[in-house]
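Values below: all heavy atoms of this structure, side chains included; hydrogens, waters and symmetry mates excluded. First listed ligand is number 1; within each ligand, the first listed atom is number 1. Quick caveat: nothing in here was measured; it's all calculated off a predicted structure.
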Amino acid sequence: MGNALNWCYFDFVARYKRMRGFNVHFPQGWDCHGLPTEVRAERTFNIKKREVSVEKFREICVKLTTEYIEKMKAAMQAMGYSIDWNLEYRTMDPAYYKLTQLSFLCLLQRGFLHRGEHPVNWCPRCETAIAEAEVEYIKSDGILVDIHFRTERGMLVVATSRAELAPSCVALAVNPTDARYVEFVGGHATVPIVNRKVPILADELVDPQFGSGVVMICTFGDKTDVRWQHKYGLPVVKILDAQGRLTEEGGKYAGLTIEEAREAIIRDLKQQSQIGSSQPLSREIGTCWRCHTPVEILSAPQWFMKTKQMTEEIVEWTNRVNWVPDFSRNRMVDWAKSLDWDWVISRQRAFGTPIPVWYCRDCEELLPAREEWLPVDPRSQKPAEASCPKCGSRQLMGDADVMDTWMDSSITCAVHAGWPNGLSEFERLFPADLQPNGYDIIRTWDYYLMARHLALFGKAPYKTVLVNGMVRGADGRMMHKSYGNYVEVTEAITKYGADSVRQWAAAGGTTGYDIPYRWADVEYGRKFLTKLWNAARLILSSLQDYDRDFSSPGLELLDKWLLTKLNDLTRVSTEAFECFQFSVTMDSTRNFTWHDLCDQYLEAAKYRLYSDRAEMVESRRAAQFTLFHTLDVVLRLLAPICPHVSDALHRELWGHRAVARSIHLEAWPQPKEQLTDRDSEKKGTILVRVLSEIRRIKSENRLSMKAPIKRLSIQSGEEVTRVVLDHIGAIREIAVVERVDALPLRQETGEKPLEDIDFRLVAEF
Ligand SMILES: [Zn+2]
Ligand SMILES: [Zn+2]
């Protein structure tokens with residue numbers, strides 16, 4: 001349902017814009033690569049990526065992805081998304097990843113990329129580097145233990161939840177203002193277990209309130225350790241390997257997992273009486289967004305895009321872009337400013353775009369692919385140039401890594417515009433007018449799109465970002481299979497039809513905010529369509545002899561009332577679409593159709609439509625004109641949200657044409673200002689209220705609407721009285737009343753004057 005919501009927003013805009021005369025470029029890209037598929041493949045086939053060859057693993061991933069695409073495509077087509085399927089592409093196809101590789105080479109040439117050994121976030125289960133955007137922080141329970149460190153001046157106690165990292169401790173640190181430890185600063189401590197002598201530093205980042213106020217600097221326990229290592233030039237002790245096991249640096253603990261090592265070290269420290277009290281600790285830890293394993297910090301050679309230096313530029317362009325809703329702009333700005341590290345773009349995985357470079361084994365020279373070699377997979381292919389350009393060695397080794405999947409999807413705006421071919425088309429289609437996505441990927445998709453296009457083209461890639469919220473289950477929680485509140489979009493379509501599901505997407509909540517998935521909302525959508533369908537049947541049957549070119553009827557009060565309201569609706573709907581407020585247009589169109597058109601006008605106009613009296617000819621034609629015009633406009637207003645039903649009815653409404661045209665080729669309606677009549681709107685409202693009060697009284701008395709009223713007296717102020725007197729004929733016909741008396745309320749009788757258009761109604765049956 002989350003995808004459905006996101007896609008509905010695309011499609012509402014695309015269909016609306018087409019009706020406004022735009023030639024909408026609406027491609028469909030499948031973002032295939034990445035961890036989700038790999039993790040799914042590993043779980044489905046119970047394998048690990050390193051147990052099979054890269055080719056075999058990739059093959060499995062391609063197969064899985066193809067199956068998912070087929071399923072999703074079927075659902076998307078059932079939802080009626082007006083995608084141009086000629087513009088469909090898959091990022092796992094060589095034709096696409098060739099472009100990712102080309103963009104990599106361009107950035108390399110321009111100095112935006114660098115390769116080096118730096119600490120990065122690492123998932124030990126997925127065995128790959130991950131970006132800051134891929135780390136999810138969760139609350140987790142741990143245990144804080146006090147470890148004793150010997151120093152020249154006595155013992156220091158370090159409270160830590162990561163005892164297993166002690167063998168990688170390269171310094172202790174205290175806050176410079178912490179009076180307890182002033183004399184220790186500048187001295188040395190001995191790390192238990194490994195008996196390493198490490199310096200005791202003073203740094204203002206140490207929180208004196210946490211634990212004992214003394215911390216271990218381990219390389220690397222967290223991001224602060226990385227900063228301290230850099231700041232103080234501390235040595236790096238690589239304590240964890242790619243699978244999260246302790247390395248040789250861990251001495252006797254080598255080969256143990258993190259948990260095993262923690263237990264063993266605490267046990268041994270206890271035996272040596274080097275551990276004090278322990279207490280439970282609840283803290284935030286970073287986890288892998290895909291498999292939820294706690295993330296570690298590992299230092300290994302990786303490729304980076306230099307995004308840190310771009311922060312100011314990114315913020316500046318972000319501020320120039322239109323964000324819907326406006327608060328999403330702040331999310332992007334805050335995110336850009338919060339990043340500590342450059343974007344790590346290499347992944348130690350299999351299912352991704354290969355990094356198009358080789359290295360010389362002898363002199364370590366880098367040999368990037370040439371543009372004409374692309375697409376290329378250096379994991380299995382040799383470069384077309386057989387020797388190192390620097391030393392002539394023939395020992396060339398392809399990069400074994402792949403790129404972060406966001407490297408594929410962060411050039412989409414340029415690719416859609418035809419890059420790198422067709423400059424004139426590029427100028428026309430770049431930047432994109434609209435970038436629609438969920439708020440959960442502002443920090444990834446929107447951010448990376450911005451960074452990459454700024455680096456490649458010096459321009460923001462989009463003019464407007466349309467952000468959708470998340471879909472929550474009926475219980476208010478995020479929709480998730482394990483919560484039992486999960487609904488498949490195909491199930492919803494089967495039960496209520498695509499146009500009902502689309503109405504939920506439009507009216508379920510305000511653009512940009514989370515919306516709950518409630519079956520009742522979809523059911524209401526279905527009820528509305530039934531109401532519309534029945535009303536349209538009645539209207540269509542009454543238009544059999546209607547001359548559609550008939551243009552100057554003598555409109556009556558309620559005709560003018562309805563047409564004025566229709567003009568207002570058209571204006572409100574247009575403004576709402578212009579600022580992507582789909583719930584506003586949906587709610588107002590449904591209210592107008594249900595209440596003003598069906599409940600009021602149709603009920604009141606029936607007698608005119610079915611009359612064959614000669615003196616009624618003109619009146620009948622005016623009602624026909626009103627209904628034809630109203631239904632035509634309502635269907636057009638509904639077309640972007642309910643494309644199926646509006647199209648079916650539109651074809652019937654215009655069925656006299658040789659070829660009935662799709663509503664999706666028609667123009668968006670404009671208010672017909674010559675039909676706006678505020679005086680009639682006001683008087684019409686009075687008449688409508690009187691009529692509905694009569695209906696209410698009849699139903700209160702359990703009488704049919706056709707049951708005659710012998711005498712009706714209406715008591716009211718001057719305004720209502722005048723309207724009633726002017727339309728006695730209509731009231732008698734519509735409400736089946738034999739005699740109507742309108743009595744102005746006399747102030748001198750002591751009656752309280754009725755406000756505005758209030759009235760009292762007494763009926764004798
Ligand atoms: Zn993971
Ligand atoms: Zn070389």
Side-chain angles (χ1 to χ4, degrees), residues 31-52 57 60-61 64 108 115-116 119-138 140 220 222 240-245 257-259 284-302 341 343-352 355-370 378 382-407 440-441 443-444 480 482:
D31 186 12
C32 307
H33 286 138
L35 269 181
T37 312
E38 294 201 37
V39 172
R40 179 84 60 141
E42 287 177 330
R43 292 197 175 144
T44 309
F45 300 101
N46 196 25
I47 47 163
K48 285 285 243 173
K49 120 202 135 173
R50 70 189 130 76
E51 293 165 1
V52 291
F57 192 73
I60 294 171
C61 291
L64 262 186
L108 183 64
R115 185 171 190 267
V120 291
N121 290 299
W122 186 273
C123 173
R125 197 221 70 89
C126 300
E127 294 179 37
T128 182
I130 58 176
E132 285 178 281
E134 295 168 309
V135 178
E136 271 178 13
Y137 290 89
I138 57 158
S140 168
F220 297 100
D222 59 22
L240 294 176
D241 70 9
Q243 295 167 49
R245 288 175 185 274
T257 65
I258 291 165
E259 285 75 23
E284 274 211 330
I285 59 163
T287 62
C288 169
W289 71 287
R290 189 47 9 200
C291 74
H292 312 300
T293 304
V295 163
E296 299 295 340
I297 294 177
L298 244 63
S299 182
Q302 302 284 356
W341 295 345
W343 176 20
V344 54
I345 57 170
S346 45
R347 294 287 179 278
Q348 289 64 53
R349 296 295 312 184
F351 191 44
I355 297 176
V357 297
W358 290 262
Y359 309 96
C360 171
R361 277 187 209 273
D362 294 325
C363 75
E364 293 183 3
E365 177 72 0
L366 183 76
L367 176 65
R370 295 224 197 96
K382 297 227 171 301
E385 217 159 70
S387 58
C388 168
K390 197 170 159 195
C391 75
S393 164
R394 294 184 152 265
Q395 296 294 311
L396 298 174
M397 183 179 60
D399 197 312
D401 291 345
V402 294
M403 291 184 224
D404 180 356
T405 189
W406 290 110
M407 283 291 282
D440 55 330
I441 51 175
R443 61 183 201 168
T444 45
H480 201 274
S482 65

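More than 12 heavy atoms of other residues, nucleotides or ligands sit less than 6.0 Å from atom NZ of Lys48. More than 12 heavy atoms of other residues, nucleotides or ligands lie within 6.0 Å of CD in Glu136, so this atom counts as buried by the packing criterion.
Ionic pairing of Glu38 and Arg347 is not present here: no N-O contact between side-chain nitrogen and carboxylate oxygen is shorter than 4.0 angstrom.
Computed with the Zn ion (ligand 1) at the centre, the Cys126 SG to Cys288 SG angle is 120°, stated to 10 degrees. Vertex the Zn ion (ligand 2), arms ending at SG of Cys360 and SG of Cys388: the angle is 110° after rounding to 10 degrees. Centred on the Zn ion (ligand 2), the SG atom of Cys391 and the SG atom of Cys363 lie at an angle of 110°, reported to 10°.
Judged by distance alone, the side chain of Glu127 and the main-chain N or O of Arg349 form no donor-acceptor pair under 3.5 Å.
The Zn ion (ligand 1) has Cys291 among its coordinating residues (N/O/S atom, backbone or side chain, under 2.8 Å).
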